[in-house]
Structure formats: structure tokens, C-alpha cells
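Working notes for the structure below.
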Amino acid sequence: MRAIRMTAPGVLEQVEVPTPTAGPGEVLLRVGAVGACHSDLHILDAPAGLFPVPMTLGHEIAGTVDQLGPGVTGWSSGDRAAVYGIIGCGRCRACLRGAENACRVVPVGGIGLSRDGGLAEHVVVPASRLLHVGEIDLTQAAPLTDAGLTPYHAVELARDRLRPGTSCVVIGIGGLGHMALQILVATTAVRIIAVDTSVAALDLASRLGAHDVVQAGPDSVDRIRALVGPPPDGADVVLDFVGADPTVTTARQVVATGGQVLLVGLAGGTLPVRPVADEPPTVPLETAVEVPFWGTRAELQEVIALARSGQLQADVQTFPLTEAPEAYEMLRRGEIHGRAVIVP
Ligand SMILES: [Zn+2]
Ligand SMILES: [Zn+2]
């Protein structure tokens, strides 16, 4: 079968590999769709030794059950499923309470992270990683598993503060941000302020229900404060899906005293925390800063339910498998709107 593999650090190639077979407890899935994630670029760019090579990339997968390995029950050939990409150790405190995304064995294992992923015609996954998706189109189901799950988990962490009458600033209306907006609209009654550099992204944000949009620029902080109030007032929650120095700085300058900043994007920004009395604090007092990672299997089931009820839909741009390397280059150049989804 054809597969898109990292054959060496930084090298993504289309290669011919044997079709894998499902071992005990595993399922062979015919891949229907795979989302292209910024994390794949981080994996490609990572120094040698962090990730196995060669390895087929792709951790945002939906497909159709093809073959069952020995001992698998509850699934039949032809079932349509989304793949929960994380494979926690199953033994640590976090895994035992169902939070494999907080597994204490690092780097956490996963499909397309520690073993072959979905950028191929077939992929083998543990049966425990599959969730039924019903009639959702597979190009829609794939992005739910990361672009949908990650913001859903972040919103869950902020749920206590996302009460009617509060405000939430969402920075970065890309693959994850545009899903976050819909999750906020569907599950809260907060005022949503969307921030992005791109006019097209802000148009999408307005269509998806953002109450206000702010084009990022030198005056972002002033314009957001004009909407949410100046310190010590501000946004009750800030979701940063970029995570670069300028967005992290904006996040800490617009969050309210007692608010919450969630840094989801992995763009390498630094958030200084200095709670001292004789200098202006870098983060308002009583403010929580969190760095959510992906989500839990239970949350993925809820994300799928939201999609099945018609309240969550990914804005997708599809590519055939052969064009996967080009899709990643477009992602790197910031030319993808919504989510790039590869259809083998
Ligand atoms: Zn990802
Ligand atoms: Zn664990």
C-alpha cells in the first residue's frame, strides 16, 4: 500500500509498504480521512531520536473497519470509526482516571507518534482506540479526533469560568480555533471575541457565531480591552491556539483578574509569571494558566455527539494522499483555512 512516511528527521516521502495485519486486540482500518496537524510539522522538525523513523505520520484518523485481530469483540467489518490517537501507559495515576492525555510516561505513545499513523491506505490500531461515528462523513469525523477534541478539552478545563455573561477571547481561528468557536456557541452562553491576523479567518469566525472579531496587529490589546474592559477587568477566559510570543503576550494582557489563560498552540512562546507587589505583575492575580494537551476518550465521545447533532462541523480542505507533502507545506506557510484533510 501507499504511505506518507517520515523516512528521516525532516523528510516526508510517499513510499510503498506492506499492508499491515491486525495483531491480538487490534483492528485493521481502511483509512477514510486524516487531518494534517501542526503537530506533524513539530514531529518532522524534531531532532533525531525523539520519534521513530521510518514512521507513517497522521494522528487524526477516521476510517472503516476492515479486519479484526484475534480477541476483538464489539466491532464488525464495515463499521465506521474515529480513532482516539493517544496510547497512554495504562498504569499511571492519570491513565487510571481516564486522562491518557496527561499520561506520566513521556513522550506519550500514540498512533502517528510512536507507531505508524494514518497517512496510508490502511492503519492498524488497538480496538480500544476506536469510537463509532454513525453517519458522519469520514472527512468530518477525522478532524474531530484532534482539531475538535483538543479545544473541547480546553473548554472543559475552563467550564467553571465560562458562565453566562462572561467573555472568552479565542486567539487563532485555524484548524482548532474554528472548532473552539462552535464548541463555545453550542455549550456556553459566553460572549466570544475572535482574534486572528487573517480577514478570511475572521469572516469564518463571524459566520460561526463569534460576537466580535479583532484583527491582530499592534493595537490588538487596546481593541480587545475596549470590548472586555481594561485591567483589573478583562476576558474571563483566553484560549490561545497559536502560542507564539505575541499571542501569549496578548493573552496575559487581556485576561481579567481571576481569569484563566489556556495555552494550546505550540508555537514556542514564553509566558512569564511574576506575582510581585513592587512591579506590575505579568499575569493578573488569581489568574490560572494552563497548558492543555489533546483530550480524553470520554471527551472525544462527547465531541462526536456534538457533531452528530449538527452543532460542530469542520471547515475542511481535502487533498489526495499523493498531495499530502504539499498540504503540509501549505500548512507551514499558513495557507490552509480550517483543516486540511487527506483522503487516501
Ligand atoms: Zn494534532
Ligand atoms: Zn499513563
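Whatever order the structure lists them in is the order used to number ligands and atoms, beginning at 1.
Note on the Zn ion (ligand 1): protein N, O or S atoms under 2.8 Å away count 3, no waters included.
Residues V124 make up the rest of the hydrophobic cluster containing L28, defined by ILVMFWY side-chain heavy atoms closer than 4.5 Å, directly or through other members.
Heavy-atom neighbours of R30 CZ from other residues, nucleotides or ligands within 6.0 Å: at or below the threshold of 12.
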Going by atom type alone, with no hydrogens or angles, which donor-acceptor pairs under 3.5 Å involve a side-chain atom of residues 14-24 and a protein atom two or more places apart or on another chain?
from: E16; atom 1: OE2; to: M1; atom 2: N; distance (Å): 3.2

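If you check the side chains of E290 and Q260, you find a donor sitting under 3.5 Å from an acceptor. Between the side chains of H59 and D146, at least one donor N or O lies within less than 3.5 Å of an accepting N or O. For the residue pair R80 / T64, no side-chain donor-acceptor distance below 3.5 Å is found, with atom types taken as modelled.
Between D45 and R332 a salt bridge is recorded (basic side-chain N to carboxylate O distance below 4.0 Å). Note on E302 versus R159: no salt bridge recorded, every NZ/NE/NH1/NH2 to OD/OE distance being 4.0 Å or above.
Here the options are D212, I171, V214, the test is side chain to side chain contact (heavy atoms under 4.5 Å, CB included), and the partner is I224; only V214 passes.
Only protein N, O or S atoms were considered, and those under 2.8 Å from the Zn ion (ligand 2) are C89 SG, C92 SG, C95 SG, C103 SG.
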